[in-house]
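Notes to accompany the following structure.
Every heavy atom of this structure was used, including side-chain atoms; hydrogens, water molecules and symmetry mates were not.
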Amino acid sequence: ICSGSSATLNASGTGTINWYSDAALTNLLSVGSSYSTGTLTTSTDFYTTQVNASSGCESTSATVSVTVNTLPTNPTGTGATICSGQTATISATNSGGTTNWYSDASATTLIGSGTSYTTPVLTQNTTYYVQEESASLCLGNIVAVNVTVNALPSAPSASSAAVCEGSDAIISATGSGAGDLVFYDN
């Protein structure tokens, strides 16, 4: 199981099944064919016996081992800043597992796998979510990765100019007041 999870253990026999936390059989945890461990963070051994209903004699114990796999570390996400109408490539580092990308914070809508993800064309700020899955299928925490989308400036206004061949022309344009105006020769 993954760290922070529980396991349900099962045993079968002809008598009453007892579950213990120690090999000396001094700490009875439960009676019955199944036992739910509760949350585990380390690998743990449990011990089960069966009691003969007519004689009351208890068998030697069988060890039931629960292996607890560690969770992967949280990925480190790198967002992006783009202009409206562009795609963005965002990335995340991992600790050796599979990196999965989601469009929702609960990680139910998988949109890609790998250490990078290229978004569709965006027109507004968008948050994506990344999570690592280890080889033992344990999941790390979900990490948000943001894409900031800057609005495009308004198109400048410009007027045409007519000049005689060989004469100089002065052209002008008015922009939004932020950024540079760039002139192109077509």
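Among residues at least two apart or in separate chains, there is no ring pair (Phe, Tyr, Trp, His ring centres under 6.0 Å) pair with a member in residues 50-69. Residue pairs meeting the side chain to side chain donor-acceptor pair (under 3.5 Å) criterion with at least one partner in residues 114-130, sequence neighbours excluded, are Thr89-Thr118, Thr127-Asn146. Among residues at least two apart or in separate chains, side chain to side chain donor-acceptor pair (under 3.5 Å) pairs with a member in residues 14-23 are Asn18-Glu58, Tyr20-Glu58, Ser21-Asn27, Asp22-Thr26.
Atom CD1 of residue Ile82 and atom CG of residue Asn150 lie 8.5 Å apart, to the nearest 0.5 angstrom. Distance CG/Leu40 to OG/Ser6: 7.5 Å, rounded to 0.5 Å. In this structure, OG on Ser61 lies 12.0 Å from CD on Gln50, to the nearest 0.5 angstrom. To the nearest 0.5 Å, atoms CD (Glu132) and CG (Asn94) are separated by 4.0 Å. The CD atom of Gln131 sits 10.0 Å away from the CG atom of Leu110 when rounded to the nearest 0.5 Å.
In this structure, Asn10 and Ser34 approach most closely via the heavy-atom pair OD1-CB, 3.1 Å. Scanning all heavy atoms of the two residues, the minimum distance from Tyr35 to Ser30 falls at CD1-CB, 3.4 Å. Annotation for Ile142 and Ser106: closest pair CD1-C, 4.1 Å, computed over non-hydrogen atoms. Nearest heavy atoms, Val145 versus Trp101: CG2-CZ3, 3.9 Å.
Among Val143, Thr93, Ile90, the single residue meeting the side-chain contact (heavy atoms from CB on, under 4.5 Å) criterion with Val130 is Val143.
Between the side chain of Thr44 and the backbone N or O of Thr42 there is at least one donor-acceptor pair closer than 3.5 Å.
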Please tabulate, for the side chains in residues 65-79, all donor-acceptor contacts under 3.5 angstrom to protein atoms that are two or more places apart in sequence or on a different chain.
unit_1	atom_1	unit_2	atom_2	d
Ser65	OG	Asp45	OD1	2.6
Asn69	ND2	Ile1	O	3.4
Thr73	OG1	Ser95	OG	3.4
Asn74	OD1	Asn141	N	3.4
Asn74	OD1	Asn141	ND2	3.2

Audit row: Ile17, Val31, side-chain contact (heavy atoms from CB on, under 4.5 Å) steps and yes/no
CA-CA 6 Å; Ile17 305 294; Val31 175; over 6 Å; no
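Residues meeting the side chain to side chain donor-acceptor pair (under 3.5 Å) test with Thr63, sequence neighbours left out: none.
Using a 4.5 Å cut-off on side-chain heavy atoms (C-beta onward), Phe46 and Thr37 make contact. The closest side-chain heavy-atom distance from Tyr47 to Val64 is not below 4.5 Å.
Here Val121 sits alone; no ILVMFWY side chain lies under 4.5 Å from its own, so it joins no hydrophobic cluster.
Hydrophobic cluster membership is shared by Leu122 and Ile111, with clusters built from Ile, Leu, Val, Met, Phe, Trp and Tyr side chains linked at under 4.5 angstrom.
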